Amino acid sequence: MLAVGSEPGRGGRWHAGTMPASNGRDGGPTVGLVLPGGGARGAYEAGALSVLLPALHERGERVEIFCGTSVGAINAAMLASTAALSAREQAGALAQTWAALRKRDVIAPLIGPSSGLALLRLAGEALQVPGLRLAALLDPGPLSASLDRWIDWDALHANVRRGVVRAISVIATSLRGGGPVAFVDTARPAPRSDREIRYVRVRLRGEHVRASAAIPLLFPPVQVACPRAAAGHYIDGGTRLNAPIAPALALGADRIIVIGLEPLTSAPRGRRQPGPPTLVDVGANVLDGLLVDRVTEDVRRMTAINSFFVEDASGGLSPAARAYRVAQGREPYKRIAYALVSPERRGALGALADEVFQERYGGWRGVRSPDFVLLARLLGGGRARARGELLSFLLFDEAFVAELLAAGRTDARRWLKQHPGFWSTDAARADFEPPAARQVAEMTALDEYRMLRRS
């Protein structure tokens with residue numbers, strides 16, 4: 001991993017102490033990065049950022065606020081730890097980490113000495129035997145050591161302390177409270193908690209990131225000990241807030257980059273599958289709803305605010321929207337410029353996962369990794385679409401990672417080609433349909449009604 005203290009060189013590298021002045025700190029726009037969860041699909045985020053971050057640097061801008069959920073939290077922490085490097089080196093270090101990543105860095109072997117104990121625990125869970133319960137289907141034990149290898153925590157904290165990183169936030173879901181908790185490492189005061197998100201200021205550690213990435217059922221809940229006020233067990237933040245746009249804005253972002261792992265369009269009505277739905281079909285749809293549709297709704301809400309609520313020269317803020325914001329003690333809505341990168345076709349990453357699996361592990365080639373074969377059997381057998389969707393979260397395979405990195409780069413270049421100025425505020429140009437004005441008005445009225453009920 002690249003070191004924060006690297007000396008300046010011909011390749012554009014600079015020392016941490018000679019970081020170019022940030023637009024945000026000079027009174028210009030502050031840029032935030034929003035990274036959702038998606039398991040192995042995090043490589044797609046790394047590919048997209050290898051194009052976007054250097055392009056942003058060429059404009060004299062850089063990311064100061066990093067917000068991530070699940071694997072997005074891992075990527076956000078890696079980027080925050082290398083934020084004092086040049087944009088190209090920062091993005092390159094992230095891509096290199098993904099290119100070298102293997103399944104053994106994330107989850108323990110499914111087939112091995114511990115297999116018998118896992119089966120025994122599974123039976124104990126089914127029979128509700130005290131002291132013999134299964135916390136999850138997979139063991140993410142190796143991830144703890146891997147995070148310490150991938151992330152220079154001292155560099156991350158130094159970057160926050162010096163203001164190179166204005167804030168980094170990772171989102172987890174509290175099992176006790178049932179709501180999203182944003183663990184925030186910042187030298188500034190943390191945002192005030194509201195009825196939707198609890199903000200907790202922390203000195204970010206591996207436990208916070210692992211808590212954010214604890215996918216329910218697949219990985220066990222993670223116990224967070226620090227700070228004491230927020231101690232407890234947590235699971236993947238994607239179950240409540242997979243696209244942490246709101247935390248990025250609360251932390252002061254004026255412009256945001258969002259990487260989506262599916263197109264930001266409404267899901268098409270697919271043809272009915274022959275036969276009754278399987279458990280895997282249900283699981284694929286649940287993950288789709290939790291980790292994809294929530295991203296779409298959050299982005300559509302942001303563009304709706306841009307389209308209908310922002311106070312600017314062409315028209316004032318709607319009285320209802322202003323009253324709602326004032327009642328909550330918040331500033332008026334502001335127009336948010338954004339860059340949105342996502343695949344063109346829904347299900348593309350799932351189809352890619354299934355294609356790579358068939359090429360590398362189909363038939364006799366399965367001896368290369370019996371674990372992946374077993375995972376594929378558990379995740380759908382013959383139904384390629386559902387199997388691919390679920391497998392794309394767990395296929396930590398070098399060939400799949402390489403394809404995801406390339407796909408992310410391609411889609412990022414497509415965005416830049418369509419948006420030569422990098423940023424957009426127009427929902428109609430974001431490759432998805434904005435909600436109608438009537439829908440937005442109803443959404444705000446519902447927010448106000450809920451606020452009044454709680455007052």
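Here the structure is a predicted model, which is why all the values come from computation and not from measurement.
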Item to check | Residues Glu344, Arg414; criterion side chain to side chain contact (heavy atoms under 4.5 Å, CB included); working and verdict | outcome: CA-CA 10 Å; Glu344 283 191 283; Arg414 174 166 52 86; 3.1 Å; yes
Checklist entry - Would Arg203 and His157 count as a side chain to side chain donor-acceptor pair (under 3.5 Å) if you check the C-alpha gap in whole Å, the side-chain angles of each, and the deciding distance to 0.1 Å? => result CA-CA 8 Å; Arg203 182 177 171 85; His157 299 138; 3.2 Å; yes
Checklist entry - Going through the distances and angles, do Leu79 and Leu35 end up as a side chain to side chain contact (heavy atoms under 4.5 Å, CB included)? => result CA-CA 11 Å; Leu79 289 167; Leu35 299 174; 4.3 Å; yes
Item to check | Verdict with supporting geometry, Ile257 and Phe422, side chain to side chain contact (heavy atoms under 4.5 Å, CB included) | outcome: CA-CA 10 Å; Ile257 300 171; Phe422 196 96; 4.0 Å; yes
Next on the checklist: Please evaluate residues Phe393 and Leu349 with respect to the criterion side chain to side chain contact (heavy atoms under 4.5 Å, CB included), reporting the C-alpha separation (whole Å), side-chain torsions for both, the decisive distance (0.1 Å), and the verdict.
Outcome noted: CA-CA 10 Å; Phe393 287 80; Leu349 302 187; over 6 Å; no
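Looking at Val164 and Arg62, their side chains come closer than 4.5 Å, going by heavy atoms from C-beta outward. Residues Ile107 and Phe219 meet the side-chain proximity criterion, which asks for heavy atoms closer than 4.5 Å. Between Tyr338 and Val34 there is no side-chain heavy-atom pair separated by less than 4.5 Å. For the pair Pro140 and Pro220, the minimum side-chain heavy-atom distance is below 4.5 Å.
Listed here is the closest heavy atom pair of Cys226 and Val202: O-CG1, 4.4 Å. Between Arg59 and Trp423 the shortest heavy-atom distance is NH2-CD1, 3.6 Å. Taking every heavy atom of both residues into account, Pro244 and Ile171 meet most closely at CB-CG1, 3.7 Å. Residues Ala155 and Ser81 share a closest heavy-atom pair of CB-O, 3.5 Å. Considering every non-hydrogen atom in both Ala248 and Ile65, the closest pair reads O-CD1, 4.1 Å. Residues Asp236 and Pro216 approach most closely at CB-CD, 3.8 Å, considering heavy atoms.
Residues meeting the side chain to side chain donor-acceptor pair (under 3.5 Å) test with Asn75, sequence neighbours left out: Glu45, Trp98. Evaluation of the side chain to side chain donor-acceptor pair (under 3.5 Å) rule for Arg345 yields no partner, not counting sequence neighbours. In terms of the salt bridge (charged side-chain N to carboxylate O under 4.0 Å, His left out) criterion, Arg201 has no residue partners (sequence neighbours excluded).
A side chain to side chain donor-acceptor pair (under 3.5 Å) with Ser50 holds for exactly one of Gln90, Arg88, Arg409, Gln96; it is Arg409. When each of Asp185, Thr186, Val184 is checked for a side-chain contact (heavy atoms from CB on, under 4.5 Å) with Ser169, only Val184 meets the rule. For the side-chain contact (heavy atoms from CB on, under 4.5 Å) criterion with Leu33, the lone passing option out of Val63, Leu52, Ile168, Leu56 is Val63.
Note: Leu138 CG to Ile215 CD1 = 9.0 Å, rounded to the nearest 0.5 Å. Taken from CD in Gln223 to CZ in Arg210, the straight-line distance is 10.5 Å, to the nearest 0.5 Å. Distance CG/Leu352 to CZ/Phe400: 5.5 Å, rounded to 0.5 Å. Taken from CG in Asp411 to CG in Leu416, the straight-line distance is 11.0 Å, to the nearest 0.5 Å. Distance CG/Asp254 to CG/Leu249: 9.0 Å, rounded to 0.5 Å. Distance check: Leu147 CG to Glu207 CD gives 11.5 Å after rounding to the nearest 0.5 Å.
Formation of a donor-acceptor pair under 3.5 Å by the Ser212 side chain with backbone atoms of His208 is not found in this model. Side chain of Glu262 to main chain of Gly347: a donor-acceptor pair is present (N/O by atom type, distance under 3.5 Å, no hydrogens or angles). Remark: the backbone N or O of Val165 is not paired with any side-chain donor or acceptor of Asn159 at under 3.5 angstrom.
Cation-pi contact between Arg192 and Tyr199: absent, since separation from the ring centre below 6.0 Å together with deviation from the ring axis within 45° is not met.
A salt bridge does not link Asp105 with Arg102: none of the charged nitrogens is closer than 4.0 Å to a carboxylate oxygen.
Side chains of Ser392 and Arg41: a donor-acceptor N/O pair is present below 3.5 angstrom, by distance only.
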